[in-house]
Amino acid sequence: MGREPGRTAHDIDELKQFVVVHSRAQRLPPELCEEVLARIGHDGEGPGSWTEEWAAAARKLAAEDRLLDASQCWNTARFPYVDGTPRARAQQACSETFAQWSGAQETVIERVDVTLPDGDGTRLPFVALAAGLSADVPRPLLVVTGGIVSVKEQWAPALLLAEQLGLAMVATEMPGVGENRLGYGKDSWRMLSALLDTLADRADVDRTYASAMSFSGHMALRGALHDPRIRGVVTAGAPVSGFFTDRSWYDSSVPRITKDTLSHLTGVPRAELFDGLRDWELRPGELSALSIPVGYTVSLRDEIIPPSDVRTLKRYVSDLTLNEHDDVHGSPAHVEETRAWTVQTVLKMMRAAASPQA
């Protein structure tokens with residue numbers, strides 16, 4: 001049950017609780033998840049540990065040529081973030097196994113390397129996976145991103161729908177997640193603009209829409225204030241205002257795993273995290289200035305996002321569509337409904353923008 005020096009073990013009960021929505025989003029068989037979770041008793045190393053048991057499941061699935069499931073198990077092995085050698089190996093295996101799977105698909109899924117200038121003149125890299133790109137027939141762009149614990153491979157199977165939907169599609173990661181080497185900060189929306197710049201010759205980036213879950217939804221909304229190419233945002237459980245300003249909610253409700261992950265991605269120590277994020281809120285004037293449609297899936301029993309954030313959206317966002325579930329963060333019991341609603345809402349936004357009166 002040992003672990004690398006300097007690494008703090010995650011709470012196993014929290015890991016098991018919060019991985020549920022991610023396993024369902026990845027469409028991992030429930031019986032597989034239950035079997036693996038039953039074997040896990042600690043977050044150290046070796047048998048019975050979080051990373052080793054998910055890794056063992058991944059190796060078994062790969063041997064059975066179930067490469068997508070294997071990739072998703074590797075993804076779960078590195079959950080919630082890379083904090084040492086075992087999770088780093090799992091992250092690498094996730095990317096490699098996904099590449100094997102995607103290489104056998106009829107739809108071409110390609111890697112797109114993007115860089116963003118840093119303050120000191122260096123250029124920091126991140127990666128997107130893409131389908132439906134074409135210099136000859138550039139299509140409207142849908143950017144798909146997960147939250148602070150979601151790698152791009154979790155969402156990339158959706159890229160197989162690019163041709164059917166008539167879109168160019170990319171899946172990427174938040175700063176500090178997966179292969180994204182950027183630091184996570186208030187201005188991280190700039191990575192979205194860098195991504196659009198990179199794709200401008202093979203997609204109609206002036207008609208970009210974002211399906212951005214959780215914290216990436218906050219990033220996309222801020223990006224839309226600065227980059228008019230973002231024409232609509234559909235999100236779920238995104239922090240808006242109260243998450244960043246309500247100390248009582250933060251202290252009493254926000255799970256340790258969320259605080260640990262945010263601290264890891266931002267580089268702000270846990271003890272200083274709330275004060276470090278306080279000025280990240282989207283203020284009323286900013287929300288009122290949004291001239292785009294916003295779709296938002298609300299989990300009515302969300303333990304991460306305070307109810308005040310939804311009230312703030314209702315008050316200040318002029319074109320808001322809500323999708324409500326009586327569920328906890330991420331609405332794990334409603335993953336398929338949320339998936340379908342998200343696609344329908346994005347397509348509705350696109351049709352409205354293309355209509356003569358738009």
Side-chain angles (χ1 to χ4, degrees), residues 112 114-126 128 138 140-148 168-177 180-201 203-236 238-245 262 265-266 276-296 309 312-313 315-321 345-346 349-350 352-353 358:
V112 177
V114 188
T115 59
L116 181 67
D118 197 12
D120 62 2
T122 60
R123 299 187 69 88
L124 300 175
F126 65 98
L141 178 66
L142 177 61
V143 178
V144 181
T145 52
I148 56 176
M169 294 177 63
V170 294
T172 191
E173 296 149 326
M174 290 191 63
V177 179
N180 190 326
R181 298 294 181 258
L182 305 176
Y184 184 30
K186 182 179 177 180
D187 292 332
S188 286
W189 62 267
R190 295 180 186 278
M191 67 163 276
L192 297 175
S193 294
L195 176 63
L196 302 194
D197 292 343
T198 299
L199 299 175
D201 60 344
D204 183 359
V205 297
D206 288 332
R207 292 190 290 164
T208 294
Y209 296 80
S211 171
M213 301 298 101
S214 193
F215 283 80
S216 71
H218 171 264
M219 190 172 71
L221 289 171
R222 188 176 296 284
L225 290 169
H226 298 274
D227 194 328
R229 295 175 295 182
I230 301 174
R231 302 286 298 278
V233 173
V234 182
T235 186
V240 176
S241 175
F243 175 88
F244 302 107
T245 60
L262 284 170
L265 298 183
T266 61
L277 302 183
R278 185 185 289 274
D279 70 341
W280 287 30
E281 69 165 314
L282 289 164
R283 294 179 171 83
E286 294 173 311
L287 294 171
S288 298
L290 285 171
S291 58
I292 61 167
V294 176
Y296 191 110
D309 272 4
T312 298
L313 288 170
R315 182 173 181 181
Y316 295 109
V317 176
S318 60
D319 190 350
L320 176 68
T321 303
T345 303
V346 168
M349 290 177 179
M350 290 181 173

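Counting from 1, the numbers follow the sequence of the chain as shown. Reckoned from all heavy atoms, side chains included, excluding hydrogens, waters and symmetry mates.
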Check salt bridge (Lys or Arg N to Asp or Glu O under 4.0 Å) between Arg315 and all other residues, then give those that pass, not counting sequence neighbours.
none

To check you understand the geometry: which heavy-atom pair defines the closest contact between Leu182 and Asn180, and what is its length?
N-OD1, 2.9 Å

Salt bridge (Lys or Arg N to Asp or Glu O under 4.0 Å) filter on Arg229, not counting sequence neighbours, yields Asp197, Asp227

How far apart are the C-alpha atoms of His218 and Phe243, what are their side-chain angles, what is the distance that settles it, and do they pass the ring pair (Phe, Tyr, Trp, His ring centres under 6.0 Å) test?
CA-CA 11 Å; His218 171 264; Phe243 175 88; 8.9 Å; no

Identify the two heavy atoms, one from Ala220 and one from Ile230, that lie closest to each other, and give their separation to 0.1 Å.
O-CD1, 4.4 Å

Minimum heavy-atom distance Gly147-Val177, with the two atoms named
O-CG2, 4.3 Å

Please walk me through it: do Val234 and Met349 pass side-chain contact (heavy atoms from CB on, under 4.5 Å)?
CA-CA 10 Å; Val234 182; Met349 290 177 179; 3.6 Å; yes

Could you please spell out the steps behind the side-chain contact (heavy atoms from CB on, under 4.5 Å) verdict for Leu195 and Phe126?
CA-CA 9 Å; Leu195 176 63; Phe126 65 98; 4.3 Å; yes

Step-by-step side-chain contact (heavy atoms from CB on, under 4.5 Å) determination, Leu265 to Met174:
CA-CA 9 Å; Leu265 298 183; Met174 290 191 63; 5.6 Å; no

Derivation and outcome, side-chain contact (heavy atoms from CB on, under 4.5 Å), residues Tyr184 and Leu262
CA-CA 9 Å; Tyr184 184 30; Leu262 284 170; 3.9 Å; yes

Approximate separation, where rounding is to 0.5 Å, of Arg278 CZ and Thr245 OG1
7.5 Å

Sequence neighbours excluded, which residues qualify as salt bridge (Lys or Arg N to Asp or Glu O under 4.0 Å) partners of Arg207?
Asp204

First locate atom OG1 of Thr208, then atom CG of Leu141, and finally report the distance between them rounded to the nearest 0.5 Å.
4.5 Å

